[in-house]
Amino acid sequence: MSNKYSMLNLEQRKAVFHTKGPLLILAGAGSGKTRVLTHRIAFLIEEEQVKPWQILAITFTNKAAKEMRERVDKLLGSFAEDIWVSTFHSTCVRILRRHIDKIGYDRYFTIYDTDDQKRLIRECLKQLNIDPKLYKESSVLAAISSAKDKMMIPSDYIKQAVGLREETVAKVYELYQKKLMKNNALDFNDLLFKTVELFQSRPDVLEEYRDKFQYIMVDEYQDTNRVQYAFVSLLASKHQNLCVVGDDDQSIYRFRGADIRNILEFEKDFPNACVIKLEQNYRSTQNILDTANHVIGNNYGRKVKRLWTDKEKGELIDFKSLQSEHAEARYVAEEIVRQIEDNGRDYKDFAILYRTNAQSRVLEEKFISNNIPYKIIGGISFYQRKEIKDVLAYLRTVNNSTDDIAVKRIINVPKRGIGLSTISRIEAYADANDIDFFDACEKVSEIPGMTRSANKVKSFVNLIKTLRVEMETFDLIDLVNAVMDRTSYIKNLEIEGTLEAEGRIENIGELISKVTEYQKNTEAPTLNGFLEEVALIADIDAYNDVSNYVVLMTIHSAKGLEFPFVFLTGMEDGLFPSYMSISSGEEEDVEEERRLCYVAITRAMQKLYISSAKTRMIRGLTQSNPFSRFISEMPDDLLDRDESMTNDEPENTRVHYSRKNNSFFNVKPYQTNTYKPSAKPIPNPKSFVLDYDKGDLVMHAKFGIGEVLEITSGGADYQVKVNFPSAGVKKLLAKLSNLKKID
DNA sequence: CGTAGTTTTGTTTTT
DNA sequence: CAAAACTACG
């Protein structure tokens with residue numbers, strides 16, 4: 001036997017060699033579970049003659065899947081290609097693309113994201129005459145979503161509905177599902193649910209996959225919900241070679257339907273299950289681990305385990321209380337600079353974690369002014385940006401004419417004079433005749449009462465038809481370019497000439513390079529394939545630790561990652577644990593937050609910094625919250641407390657720019673989220689000199705001559721307000737607009 | 001029909 | 001505070 005397994009500890013080896021029958025691996029944070037999984041796959045193939053295509057390994061993120069595949073590749077050479085290593089969602093899509101026609105859907109279905117779902121729900125509410133003020137689309141969506149996670153179809157939901165509210169939601173659910181089907185679309189929940197339905201209604205299909213996947217592995221099992229559980233157990237029930245890996249202490253997706261029961265009662269579900277605990281931690285120092293253990297020890301109903309390490313105690317946990325969120329951010333930035341200058345650390349050694357995405361703003365500002373390269377993971381992701389969704393909606397419309405949501409999104413983008421009243425007339429006509437929205441557009445001349453707008457609709461229909469014809473012969477890139485040309489989408493943005501528009505143009509450029517990349521890396525690239533890949537992408541997937549920058553992300557996004565230095569910020573009661581969890585009165589809710597805290601602490605390898613702000617502006621109100629209760633759950637002798645530091649930002653050291661007239665930091669191209677000092681180290685902001693001043697006349701390539709009204713300094717560039725007689729007042733970035741002074 | 005200007009509303013966390 | 005939703009006017 002190959003000696004690659006001798007690197008593993010006793011428990012890890014047990015897990016690798018136990019290949020038959022159900023196996024639960026309780027893997028504490030940093031205990032090398034990915035290592036176990038990859039070695040287990042290698043072992044199956046090398047020593048047990050299992051064929052690569054008989055193995056299914058499921059992860060939650062594409063990043064995890066990619067990493068696992070790469071590591072298996074390294075162990076085995078190149079056998080890993082045929083192993084199904086993918087997320088729940090992409091596994092299901094793959095199955096559905098082959099078989100969904102057997103349960104009455106078209107195989108070229110579209111995948112709806114949250115935004116699309118909300119639009120659809122809005123339509124349902126309208127159609128059912130339900131007051132959207134009383135039934136907010138987000139809460140209705142949450143209800144429907146959780147029903148689907150529990151595998152309740154509309155009729156099940158109606159049966160169990162109690163009270164007016166639930167009965168109303170049930171009606172919406174029923175209509176929503178009908179509309180999805182009509183639009184030939186599936187939402188995220190459906191991907192799982194429909195696959196399970198397929199398996200249940202077509203035993204022959206289930207049998208096919210049961211025979212194929214002799215060995216199944218599931219990562220992050222503690223985060224599975226009911227449908228995912230059903231999916232896995234259906235597939236595994238025959239061979240029973242199911243290996244699940246998880247840590248109940250790291251279950252942090254209850255809000256998304258994750259059912260901690262799945263892991264706690266695995267042994268009940270699979271009576272002859274073998275349980276192995278991995279408790280040796282290879283990641284963190286003793287002090288960090290002890291802190292984590294103490295905190296999580298306050299939760300009830302856990303599987304008993306205690307992480308240990310043979311590493312040294314390491315440094316104490318730094319705890320600092322700052323005056324405001326600005327002071328906190330400054331402290332973080334300065335500490336990073338200090339560590340880099342004094343101790344020769346790299347930017348990529350640092351991660352800043354927070355509870356909510358909103359907290360990233362202030363940190364970002366300080367990083368810019370300290371010239372620290374950083375990347376924010378999450379928040380409004382690239383694929384959720386308006387301009388990207390617009391372009392994708394065009395592609396979706398071209399690809400699938402029954403996708404009403406996509407058609408409606410772009411019918412008047414860019415503006416073609418098709419307004420609300422026209423759209424509702426078409427909608428009414430479509431409903432009355434039971435046809436798709438796009439088909440109704442085609443028959444616009446038959447719709448009464450449309451005089452002026454009929455022609456506009458017609459030209460829109462022709463546009464789409466032309467693109468459809470082009471799709472036949474064009475490759476993907478040309479098609480995207482054709483969409484851009486024929487819609488003048490970019491041209492319209494250029495005319496706008498604002499900073500915001502510039503950012504949007506850059507984002508579209510970024511999308512085009514993603515299309516190119518897809519086209520290059522895929523054997524048989526198709527429009528459908530591209531749209532699918534894009535639909536299932538998560539922000540964290542784009543993160544790689546090769547580039548040298550500090551990363552900022554929510555604790556949720558950080559799960560599964562590790563960093564030498566971790567800053568856990570915003571440790572205030574009401575923020576973390578969140579106000580919601582405290583006020584709900586359910587201890588369960590605080591426990592989930594506590595697990596989140598445990599996840600955060602255990603990301604740190606060498607040193608953990610914890611900080612809180614005495615006052616913080618939230619939603620426009622300045623609040624002052626006590627320290628997070630989790631801090632008092634940490635052993636006092638491991639904390640290096642500094643609560644005295646109350647120095648607020650000294651006003652004169654702050655880089656002055658008011659938010660109002662500096663939109664540079666508000667809307668920026670996705671790419672510049674990664675801000676890197678350019679090859680020539682960017683001189684500090686102030687030493688970048690402009691050769692014109694307020695009152696001067698300048699020349700701009702597009703707008704011609706204008707007068708400089710105002711120059712605002714911010715981070716790495718100046719914002720210049722210029723009045724162009726031809727185009728009006730524009731806000732421009734000095735570097736991008738390349739203004740030339742005129743004497 | 002489009003727009004600018006005004007009011008209101010909201011935050012966990014995301015595959 | 002900032003984005004979204006609404007209102008009033010050209």
Side-chain angles (χ1 to χ4, degrees), chain A residues 58-65 86-93 111-115 117-118 122 132-133 136-139 141-142 145 149 187-192 219-220 223-225 227-228 251-258 325 353-362 377-381 383-384 386 412 414-423 451-453 456 500 535-541 553-560 570 574-584 589 592-593 595-597 599-600 616-623 658-660 663 665-667:
Chain A
I58 300 178
T59 62
F60 269 81
T61 63
N62 292 305
K63 180 183 170 8
S86 57
T87 63
F88 271 107
H89 297 274
S90 34
T91 306
C92 289
V93 169
I111 300 167
Y112 275 8
D113 70 4
T114 315
D115 189 65
Q117 294 185 64
K118 282 187 182 159
R122 218 171 299 157
K133 288 234 163 71
K136 288 199 202 105
E137 65 209 23
S138 56
S139 81
L141 175 60
S145 207
D149 284 346
D187 61 23
F188 281 125
N189 310 291
D190 277 346
L191 294 179
L192 266 302
D219 194 11
E220 308 279 13
D223 286 327
T224 50
N225 60 31
V227 218
Q228 289 164 337
S251 166
I252 54 175
Y253 284 106
R254 205 164 73 104
F255 70 92
R256 205 170 67 191
E325 72 269 33
L353 307 183
Y354 36 77
R355 178 69 239 269
T356 65
N357 278 308
Q359 289 166 253
S360 66
R361 274 262 154 81
V362 187
I377 313 277
I380 323 119
S381 90
Y383 290 102
Q384 280 169 7
K386 280 186 216 74
N412 197 30
K415 303 245 174 327
R416 346 184 133 78
I418 303 174
L420 224 63
S421 56
T422 308
I423 292 174
T451 44
R452 281 163 312 192
S453 39
K456 294 172 180 162
E500 189 177 324
L536 296 175
I537 232 146
D539 242 26
I540 193 74
D541 298 338
M553 64 184 118
T554 63
I555 304 168
H556 282 90
S557 302
K559 194 174 65 158
L575 225 208
F576 189 29
S578 73
Y579 177 72
M580 294 285 235
S581 67
I582 299 171
S583 55
S584 79
D589 288 334
E592 170 127 332
E593 299 275 312
R595 289 193 290 270
L596 200 51
C597 184
V599 169
R616 180 182 297 273
M617 172 104 68
I618 295 172
R619 289 208 331 249
L621 296 170
T622 304
Q623 303 189 355
S658 89
R659 280 211 146 265
K660 267 207 189 87
S663 53
F665 300 116
N666 298 339
V667 178

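Side-chain atoms are counted along with the backbone in the values below, which use heavy atoms only and exclude waters and symmetry mates. The chains referred to below are lettered A, B, ... by the order of the sequence lines, with proteins before strands, and numbering in each begins at 1.
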Problem set entry | Ser251(A): partners by side chain to side chain donor-acceptor pair (under 3.5 Å), with sequence neighbours left out |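 Applying side chain to side chain donor-acceptor pair (under 3.5 Å) to Ser251(A) gives none.
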For this session: Check side chain to side chain donor-acceptor pair (under 3.5 Å) between Ser138(A) and all other residues, then give those that pass, not counting sequence neighbours.
Result: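 So Ser138(A) forms no side chain to side chain donor-acceptor pair (under 3.5 Å) with any residue.
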Any base atoms under 4.0 Å from [X], or only sugar-phosphate, or nothing? Heavy atoms, all strands.
X	value
Ile418(A)	sugar-phosphate
Asp113(A)	nothing
Thr356(A)	sugar-phosphate
Lys559(A)	nothing
Phe255(A)	base

With the side chain of [X] defined as its heavy atoms from C-beta on, choose the nearest nucleotide among [options].
X	options	answer
His89(A)	dT13(B), dG2(B), dT15(B)	dT15(B)
Arg256(A)	dT12(B), dT14(B), dG10(B)	dT14(B)
Thr114(A)	dT15(B), dA2(C), dT13(B)	dT15(B)
Lys415(A)	dT14(B), dG2(B), dT15(B)	dG2(B)
Tyr253(A)	dT14(B), dT15(B), dT3(B)	dT14(B)
Arg355(A)	dT12(B), dT15(B), dC1(C)	dT12(B)

For this session: Enumerate, in order of first residue number, the stems that involve DNA chain B, defined as 3 or more consecutive Watson-Crick or G-U wobble pairs with both distances under 3.5 Å.
Result: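 For DNA chain B the paired stretches long enough to count as stems (3 pairs minimum) are B:1-10 with C:1-10.
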OP1 or OP2 of [N] versus the side-chain N and O atoms of [X]: is any pair under 4.0 Å?
X	N	result
Asn412(A)	dG2(B)	yes
Asn189(A)	dT15(B)	no
Asn357(A)	dT12(B)	no
Ser581(A)	dT12(B)	no

For [X], which residues count as a salt bridge (Lys or Arg N to Asp or Glu O under 4.0 Å) partner, sequence neighbours excluded?
X	result
Glu220(A)	Lys33(A), Lys559(A)
Arg416(A)	none
Asp589(A)	Arg254(A)

For this session: Using the closest heavy atom to pick a nucleotide of DNA chain B for each, name whichever of Arg416(A) or Gln117(A) lands nearer the 5' end.
Result: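 Closest to the 5' end, via its nearest nucleotide, is Arg416(A).
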Problem set entry | 5′-ward residue of the pair Gly419(A)/Ser578(A) relative to DNA chain B |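 Per heavy-atom nearest nucleotide, the more 5' residue is Gly419(A).
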Problem set entry | hbond_proxy Arg619(A) side chain to dT11(B) base (donor-acceptor, 3.5 Å cutoff) |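 Counting by modelled atom types and ignoring angles, no donor-acceptor contact under 3.5 Å is found here.
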Problem set entry | Distance-only donor-acceptor test (3.5 Å): side chain His556(A), base dT14(B) |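 Side chain to base: no pair below 3.5 Å.
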Take the protein atom [atom1] of [X] and the nucleotide atom [atom2] of [N], then report the distance between them rounded to whole Å.
X	N	atom1	atom2	value
Asp589(A)	dT13(B)	CG	C1'	12 Å
Met553(A)	dT15(B)	CE	P	12 Å
Asp149(A)	dT15(B)	CG	P	14 Å
Leu353(A)	dT12(B)	CG	C1'	15 Å
Lys136(A)	dT9(B)	NZ	P	9 Å
Glu593(A)	dT11(B)	CD	P	16 Å

Exercise. Shortest non-hydrogen contact from Thr61(A) to Thr87(A)?
Worked result: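 Scanning both residues completely, I find the closest heavy atoms to be C-CG2, 3.3 Å.
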Exercise. Are Lys118(A) and Glu137(A) ion-paired here, with the side-chain N under 4.0 Å from a carboxylate O?
Worked result: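 Result for this pair is no, no salt bridge flagged.
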For this session: For Phe255(A), look at atom CZ and say whether over 12 heavy atoms of other residues, nucleotides or ligands are found less than 6.0 Å away.
Result: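 Yes - once you tally the heavy atoms of other residues, nucleotides and ligands closer than 6.0 Å, there are more than 12.
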For this session: Determine the Euclidean distance between corresponding C1' atoms of dT11(B) and dC6(C); express it in Å to zero decimal places.
Result: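 Each nucleotide's C1' atom is 22 Å from the other's.
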